[in-house]
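Note that this is a predicted model, so its numbers are computed, not measured. Note on naming: letters A, B, ... go to the chains in the order of the sequence lines (proteins, then strands), and numbering restarts at 1 for each one. Heavy-atom basis, side chains included; hydrogens, waters and symmetry copies ignored.
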Number of protein chains: 2
Amino acid sequence: MFSRVVDVDARERIRDAAIARFGREGFGAGLRAIALDAQVSAALVIHHYGSKDALRAACDAHVHATIRRAKSEAMRDESPAQVIGQLATIEQYAPVFAYMVRSLMDGGPAAAQFVDGLVEDAESYLAAGVAAGTVRPSRDPHGRARALVASSVGTLLMTQLDAAAGRAVAPTDRPGEAIVAMAEATVLPGLELYTYGLFTDSSYLDAYLEGHP
Amino acid sequence: MFSRVVDVDARERIRDAAIARFGREGFGAGLRAIALDAQVSAALVIHHYGSKDALRAACDAHVHATIRRAKSEAMRDESPAQVIGQLATIEQYAPVFAYMVRSLMDGGPAAAQFVDGLVEDAESYLAAGVAAGTVRPSRDPHGRARALVASSVGTLLMTQLDAAAGRAVAPTDRPGEAIVAMAEATVLPGLELYTYGLFTDSSYLDAYLEGHP
DNA sequence: ACGGCGGCTGAACGGGTGTTTAGTCGAGTC
DNA sequence: GACTCGACTAAACACCCGTTCAGCCGCCGT
């Protein structure tokens, strides 16, 4: 069945339109708007996916799979340090990225699973760094990985807030630009912190360790 | 009926009910539910506030004022290091706290203004620390303050995500518990990072400074 | 004692939502 | 050619939303 000119399955068109709309407007976006984007009736969305929730689940799954694929590709041939340079290429993943940010902001279980993946990755990178002698060991490697991911997540959210206040481009709008702007503002303080720490001596840490044997 | 037992102005009751509902369910919560909580008709909500958006603005303002008051009180008589112990008292601010988290997740301008305040505070604390010799100076004090606030914001959001995945108590549910649990899991990695940094040498930072004169 | 007024309400309005229903169309099967 | 089946749709449905309307009722100034 070769039907119309460029007719990828309407199912996929619907899913992609949903991902784009959800990413741009959040999960309150209406089915009819999504259907319009996909040049399809609202009823067909239900016909294919059963319900809006199920549609969202399908979007979650597809986004998750896309990210996993992109991540394993990126891991194959790049050192983590220069991945930043590669980030401009992310523009092609714009909708997926925006969707992920919305998902984070929404606070659903899908987002929890996503950050779990990030933490896992960070933990293994850090472990590799420790083994190579470039990263200090930690008493709580998992907690440290979580802290670093929290930094990134928080930076992302704060950039989104800046965008709401008209001070920056929104990650959900133009992910590529937002990411590089974010990086520019974040890298120097981050590197400072990560190489020298914040305090001039270890008295705070010592005091804490005193109380938690 | 000559006014009910404890009849604070219905206006306030409506505002407080709205703050609680918004905090628990997000800003999608319906006017009728809020009105029910305040033992009042939905029409009265509009009568007093004009519109749902205006009601939310009133909530924003009240929460903002409450936080400012609490913050200036906390600043008066506590050293920032032991404020953590004081945090259990926060239980009384539970609804305000939950509202703030929702506001953050919602991504509105009110939240942007709120984190601006946090960054400002952090920056002045850090400056004081630098002056006192306990905190290292930075090439970008504002950026560093933002990075630290981003850490906190990210940690908050990640705790909310854990709650959605059933692994923790939600900051929007029982703020007191959530905060101490968060602190327990976060303090050690944070202190490690802040006293020793992450890297064993300054090569990453040096490389960056090389390229950004 | 009375008029007005503001807090307050139940009911309705208009619009948007996700979903259901009944049905059309086109292609593949016997 | 008759039949089936799945993609697809327009219209309707039931519901929830924020908001409006008309009017009730107790308080207050006069």
Euclidean distance, atom [atom1] of residue [X] to atom [atom2] of [N] [Å, nearest integer]:
{"X": "B/Arg56", "N": "D/dT19", "atom1": "CZ", "atom2": "P", "answer": "14 Å"}
{"X": "A/Tyr49", "N": "D/dA7", "atom1": "OH", "atom2": "C1'", "answer": "14 Å"}
{"X": "A/Phe27", "N": "C/dT17", "atom1": "CZ", "atom2": "P", "answer": "17 Å"}
{"X": "B/Phe22", "N": "D/dC17", "atom1": "CZ", "atom2": "C1'", "answer": "13 Å"}
{"X": "A/Asp9", "N": "D/dC8", "atom1": "CG", "atom2": "C1'", "answer": "13 Å"}
{"X": "A/Arg32", "N": "C/dT20", "atom1": "CZ", "atom2": "P", "answer": "13 Å"}
{"X": "B/Lys52", "N": "D/dG18", "atom1": "NZ", "atom2": "P", "answer": "4 Å"}
{"X": "A/Leu55", "N": "C/dT17", "atom1": "CG", "atom2": "P", "answer": "15 Å"}

With a 4.0 Å cut-off, would you call A/Arg167 and B/Asp116 a salt bridge?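 Yes, A/Arg167 and B/Asp116 are salt-bridged.
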Going by an N to O cut-off under 4.0 Å, is there a salt bridge joining A/Asp16 and A/Arg11?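 Result for this pair is no, no salt bridge flagged.
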Result of checking A/Val149, A/Leu157, A/Thr155 against A/Val153 for side-chain contact (heavy atoms from CB on, under 4.5 Å):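 Passing option: A/Val149.
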What class does the angle between the rings of B/Phe199 and A/Tyr194 fall in, given that below 30° is parallel, 30 to 60° is tilted and above 60° is perpendicular?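 Perpendicular: the ring planes of B/Phe199 and A/Tyr194 meet at over 60°.
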Look at all strands and tell whether A/Ala29 reaches a base, only sugar-phosphate, or nothing, counting heavy atoms closer than 4.0 Å.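 Touches sugar-phosphate only.
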For B/Pro171 and B/Leu156, work out which heavy atoms get closest and say how close.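 So the two residues come closest at CG-O, 4.1 Å.
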Are A/Leu118 and A/Glu123 close enough that some pair of their side-chain heavy atoms sits under 4.5 Å apart?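 In short, these two side chains do not touch, never coming nearer than 4.5 Å.
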Of the residues in residues 36-48 of chain A, which ones touch DNA chain D at a heavy-atom distance under 4.0 Å?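 Correct list: A/Val40, A/Ser41, A/Ala43, A/Leu44, A/His47, A/His48.
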